[in-house]
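So the structure is just underneath, and the comments pick up after that.
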2 protein chains.
Amino acid sequence: MKPKMTLKRIAKELGVSISTVSKALHDNKEISQDNRDKIQAFAKFYNYRPNNIALSLKNKKTKTLGLIIPDIVHNFFSKVISGIEHVANLNGYNVIIAVTNESFDKEVINMELLVQSNIDGFIMSLSKETLLKQDKHHLQETINQGIPIVMFDRVLHEIACDKVIVDDVEGSRIATQKLIDTGCKKILLLTTGDFINIGKLRTQGYLEALGNNNITPDSDIILKINDLGNLEKKQDNRDLERDINQIFEKVPDIDGVFAVNEIYAIKALNVARQRGLRVPEDLSVVSFSDGILSQHSWPSLTTISQHGFKMGERAASILINRLALEDEEKEFVTEIIKTELIERDSTR
Amino acid sequence: MKPKMTLKRIAKELGVSISTVSKALHDNKEISQDNRDKIQAFAKFYNYRPNNIALSLKNKKTKTLGLIIPDIVHNFFSKVISGIEHVANLNGYNVIIAVTNESFDKEVINMELLVQSNIDGFIMSLSKETLLKQDKHHLQETINQGIPIVMFDRVLHEIACDKVIVDDVEGSRIATQKLIDTGCKKILLLTTGDFINIGKLRTQGYLEALGNNNITPDSDIILKINDLGNLEKKQDNRDLERDINQIFEKVPDIDGVFAVNEIYAIKALNVARQRGLRVPEDLSVVSFSDGILSQHSWPSLTTISQHGFKMGERAASILINRLALEDEEKEFVTEIIKTELIERDSTR
DNA sequence: TTGTACGCGTTATCAA
DNA sequence: TTGATAACGCGTACAA
């Protein structure tokens with residue numbers, strides 16, 4: 001195990017000073033062509049690479065981005081990470097990922113840890129608990145420290161920073177309209193509690209679509225599911241199926257379902273099967289979040305794609321651009337990623 | 001935006017020397033109790049945190065782990081990452097993730113990049129292309145540079161390093177045996193090309209189970225699928241369903257399917273549906289890799305769980321232990337994570 | 001054209 | 001009990 005090449009070692013071996021080596025490697029004209037060639041050849045031969053830590057210490061930049069997400073075992077977030085990774089690498093940035101597991105405390109701790117790791121900026125999606133508590137002191141604090149934040153998907157609009165979001169209202173409107181267009185009259189909405197802004201917004205889109213078509217909303221067929229954890233992981237989410245079933249019991253002529261995420265949609269599919277309803281003949285289903293479940297379920301789900309990969313790409317490039325600007329003057333932007341209706345077999 | 005607190009600033013404010021401050025903050029008895037109290041209080045008040053970069057420069061340790069994975073949008077890898085994150089954070093380590101997209105070149109480049117970021121060690125799962133080419137120079141090189149590697153799942157046994165794997169042979173044997181136990185006589189195997197060692201090993205387990213029960217293997221019902229990319233993402237994987245269908249055409253009395261991953265199993269489910277076969281009454285299906293698809297498919301899939309989270313945890317703690325040892329003497333270990341049969345609705 | 005010296009923030013050694 | 005100094009690796013302003 002050979003020790004690492006450094007400017008110092010090169011200098012000693014070649015009998016010149018460190019700064020000569022440094023300049024030569026930067027192809028500085030101050031240094032004679034002869035020496036430049038010699039030093040560069042030597043460095044190349046021994047595969048010299050400048051020490052990033054030393055550079056970081058000097059430049060006060062680590063070329064590292066901190067990424068805070070609620071959950072990594074989640075198709076949407078995985079896609080976002082992919083997108084972030086992609087443009088980060090293109091620009092010579094590394095990405096450190098920290099997972100909050102939807103916990104406010106872990107979000108705060110992770111951010112502090114990453115700040116101490118001297119990351120240059122944050123990309124983050126807030127935990128459910130943070131959204132619920134509406135506690136944003138840690139966010140404001142990091143911004144005050146001069147560390148820029150780009151929020152995506154789950155954002156807090158009161159915070160002055162860049163944001164990348166999906167037009168949840170529009171996406172839901174389109175989804176609901178699709179159901180109406182294919183003849184649905186009674187559309188069950190499966191959504192989250194209002195404290196999650198995406199749940200709230202998607203509910204709003206649903207209501208707007210109904211309004212546009214002069215359909216009176218019926219609170220009996222709006223189910224707000226309050227789960228703080230991660231439903232995908234829970235074994236005991238039978239409860240949800242039971243709740244959905246009860247609604248069908250009460251309102252048997254439901255002919256459409258709009259679910260704000262894939263899991264809810266799958267549950268609806270299961271209930272339909274239990275009740276002998278054919279999808280899409282008797283019941284149409286549209287889901288938000290185009291993930292792996294939608295593609296492989298039976299029947300495959302018509303969904304609203306959030307373009308997670310693209311969201312990640314945009315978030316990363318916005319952050320990297322801001323970091324490149326040095327002096328903070330550019331206005332904060334809120335970029336809206338267009339959603340897209342992907343038609344599959346769960347609708348007519 | 002206030003400038004960061006440093007030893008130097010504290011020293012100046014308090015009118016003492018930098019080294020006094022440093023010692024006081026380390027509660028060094030050399031420094032008078034008075035001064036220690038004063039300095040510590042001051043530091044606490046101004047929320048002083050030592051600069052990790054400076055520490056890294058001195059210690060030649062970054063407390064950062066490099067993670068190289070083929071694909072992040074993949075349930076199994078996500079779980080492994082979760083496990084790694086978990087123990088890494090517990091031990092004060094950060095994790096930098098790089099994705100290879102199954103490409104050898106990206107694997108090489110990413111490793112070089114992370115080496116330049118001065119990560120302390122690697123955790124990695126090899127790309128399909130690397131397995132195919134059997135090119136391992138980049139692995140050997142990093143090891144020679146004194147950077148430890150822990151490989152998981154997709155490993156190369158010729159490389160001297162720690163490894164965390166699943167007993168693919170045993171898992172497959174158990175899966176196949178389960179099918180045999182429930183009465184299957186003709187079991188279709190859906191596997192990958194042999195160049196992927198997990199495909200090879202799982203095939204071996206299948207064959208062993210047949211042998212144990214005096215069943216003669218039939219090459220007509222062994223389908224080796226050669227995909228280098230990521231099948232999950234391909235739209236045109238209809239081909240696979242067609243191929244499976246053809247086998248059923250040829251061998252109509254197939255009554256069981258063992259698939260080495262979830263996607264293949266889902267495809268089998270689809271083909272069964274097309275052919276009017278009831279699962280599990282007419283056809284039983286067992287899959288490897290317990291992911292989100294297995295839980296939510298219809299019927300839900302009996303699978304072999306690889307315990308991805310645990311694999312990640314073990315890989316990380318093996319690496320962190322080795323890093324703590326400093327001088328390399330400990331023997332390399334190969335840890336085998338027990339698989340587990342998770343029975344769901346696709347088997348009787 | 002080359003080299004010296006300093007600073008980034010920290011710790012450790014040695015001198016006062 | 002305290003402080004000055006060197007060192008980690010690099011870049012650069014300035015001196016030679």
Side-chain angles (χ1 to χ4, degrees), chain A residues 2-40 42-43 46-64 92 115-120 145-146 326, chain B residues 2-40 42-43 46-64 92 115-120 145-146 326:
Chain A
K2 55 200 169 191
K4 272 223 193 93
M5 254 308 150
T6 65
L7 291 187
K8 194 198 256 190
R9 279 196 59 208
I10 299 179
K12 186 151 54 173
E13 303 277 339
L14 262 41
V16 292
S17 82
I18 295 177
S19 60
T20 304
V21 176
S22 174
K23 285 172 186 165
L25 292 180
H26 286 243
D27 215 28
N28 190 323
K29 314 287 181 205
E30 281 180 12
I31 307 300
S32 68
Q33 190 66 53
D34 258 24
N35 257 345
R36 261 188 284 163
D37 290 346
K38 192 167 57 180
I39 293 171
Q40 286 174 9
F42 187 91
Y46 284 103
N47 198 28
Y48 165 81
R49 293 269 173 275
N51 181 325
N52 274 320
I53 300 180
L55 289 180
S56 297
L57 186 58
K58 241 195 138 28
N59 307 331
K60 296 171 172 296
K61 303 228 159 161
T62 52
K63 294 283 259 178
T64 302
V115 169
Q116 277 178 59
S117 296
N118 293 278
I119 52 112
D120 294 340
Q145 281 176 54
E326 292 284 346
Chain B
K2 56 201 166 193
K4 270 219 194 102
M5 254 308 151
T6 66
L7 291 186
K8 194 199 258 192
R9 279 196 61 207
I10 299 179
K12 185 150 56 169
E13 302 277 338
L14 261 40
V16 292
S17 81
I18 294 179
S19 50
T20 304
V21 176
S22 175
K23 286 172 185 165
L25 291 180
H26 286 229
D27 217 27
N28 190 321
K29 313 290 181 203
E30 281 180 13
I31 307 299
S32 67
Q33 190 66 51
D34 257 26
N35 256 346
R36 263 188 282 163
D37 291 347
K38 194 168 54 179
I39 293 171
Q40 286 174 9
F42 187 92
Y46 284 104
N47 197 29
Y48 166 81
R49 294 269 173 274
N51 181 326
N52 276 320
I53 299 181
L55 289 180
S56 296
L57 185 58
K58 249 204 127 34
N59 307 333
K60 295 172 174 298
K61 304 227 159 162
T62 51
K63 296 281 261 178
T64 302
V115 169
Q116 277 178 59
S117 296
N118 293 278
I119 52 113
D120 295 340
Q145 282 176 54
E326 292 284 346

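To find a chain, count down the sequence lines: A is the first, B the second, and so on, and within it residues start at 1.
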Contact nearer the 5' end of DNA chain D, comparing Arg36(B) with Ala54(B):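 Counting from the 5' end, the first nearest nucleotide belongs to Arg36(B).
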Partner set under salt bridge (charged side-chain N to carboxylate O under 4.0 Å, His left out) for Asp27(A), not counting sequence neighbours: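 Partners of Asp27(A) under the salt bridge (charged side-chain N to carboxylate O under 4.0 Å, His left out) test: Arg36(A).
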Salt bridge (charged side-chain N to carboxylate O under 4.0 Å, His left out) involving Lys63(B) - partner list, sequence neighbours excluded: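 Lys63(B) satisfies salt bridge (charged side-chain N to carboxylate O under 4.0 Å, His left out) with no residue once adjacent residues are dropped.
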Contact under 4.0 Å: Ser17(B) side-chain N or O vs dA4(D) OP1/OP2: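 So the side chain of Ser17(B) is outside the cut-off, no N or O lying under 4.0 Å from OP1 or OP2 of dA4(D).
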Side-chain N or O of Ser32(B) closer than 4.0 Å to phosphate OP1/OP2 of dT2(D):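 True: Ser32(B) side-chain N/O within range (under 4.0 Å) of dT2(D) OP1/OP2.
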Any residue meeting ring-ring contact (aromatic ring centres under 6.0 Å, His included) with Phe42(B), in chain and number order, not counting sequence neighbours: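 With neighbours one apart ignored, the set is Tyr46(B).
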Closest non-hydrogen atom pair between Asn118(A) and Lys4(B), with its separation: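 Minimum heavy-atom separation between Asn118(A) and Lys4(B): OD1-NZ, 3.2 Å.
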Exercise: identify the closest heavy-atom pair between Ile31(B) and Ala24(B):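 Nearest pair, atom of Ile31(B) first, then Ala24(B): CG1-N, 4.0 Å.
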With [X], which residues qualify under side chain to side chain contact (heavy atoms under 4.5 Å, CB included), at least two apart?
| X | result |
| --- | --- |
| Thr64(B) | Thr62(B), Asn94(B), Ile96(B), Ile119(B) |
| Lys8(A) | Thr6(A), Ile18(A) |
| Asn28(A) | Lys23(A), Glu30(A) |

Side-chain donor-acceptor pairs under 3.5 Å in residues 52-59 of chain A, sequence neighbours left out?
{"from": "Asn52(A)", "atom 1": "ND2", "to": "Gln116(B)", "atom 2": "O", "distance (Å)": "2.6"}
{"from": "Ser56(A)", "atom 1": "OG", "to": "Asn52(A)", "atom 2": "O", "distance (Å)": "2.9"}
{"from": "Ser56(A)", "atom 1": "OG", "to": "Lys61(A)", "atom 2": "O", "distance (Å)": "3.2"}
{"from": "Asn59(A)", "atom 1": "ND2", "to": "Leu55(A)", "atom 2": "O", "distance (Å)": "3.2"}

Taking atom [atom2] of [N] as reference, at what distance in whole Å does atom [atom1] of [X] sit?
| X | N | atom1 | atom2 | result |
| --- | --- | --- | --- | --- |
| Lys29(B) | dT2(D) | NZ | P | 14 Å |
| Asn118(B) | dG9(D) | CG | P | 10 Å |
| Asn52(A) | dC10(D) | CG | P | 10 Å |
| Lys12(B) | dA4(D) | NZ | C1' | 17 Å |
| Asp37(B) | dT1(D) | CG | P | 13 Å |
| Lys8(B) | dA4(D) | NZ | P | 13 Å |

With the criterion being N/O to N/O and under 3.5 Å, what pairs connect the protein with nucleotides 11-14 of chain D, and how long is each?
{"from": "dG11(D)", "atom 1": "OP1", "to": "His26(A)", "atom 2": "NE2", "distance (Å)": "3.1"}
{"from": "dG11(D)", "atom 1": "OP2", "to": "Ser22(A)", "atom 2": "OG", "distance (Å)": "3.4"}

Involving DNA chain D, stems made of at least three consecutive Watson-Crick or G-U pairs, both distances under 3.5 Å: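 Listed by first number, the stems are C:1-16 with D:1-16.
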With sequence neighbours excluded, residues passing side-chain hydrogen bond (donor to acceptor under 3.5 Å, both in side chains) with Ser22(A):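 None.
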Pairing residues for Asp37(A) by the side-chain hydrogen bond (donor to acceptor under 3.5 Å, both in side chains) criterion, not counting sequence neighbours: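 Listed in chain order: Gln33(A).
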Contact interval (first through last nucleotide) of DNA chain C with protein chain A, 4.0 Å heavy-atom: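 Answer, 5' to 3': dT1(C) to dG9(C).
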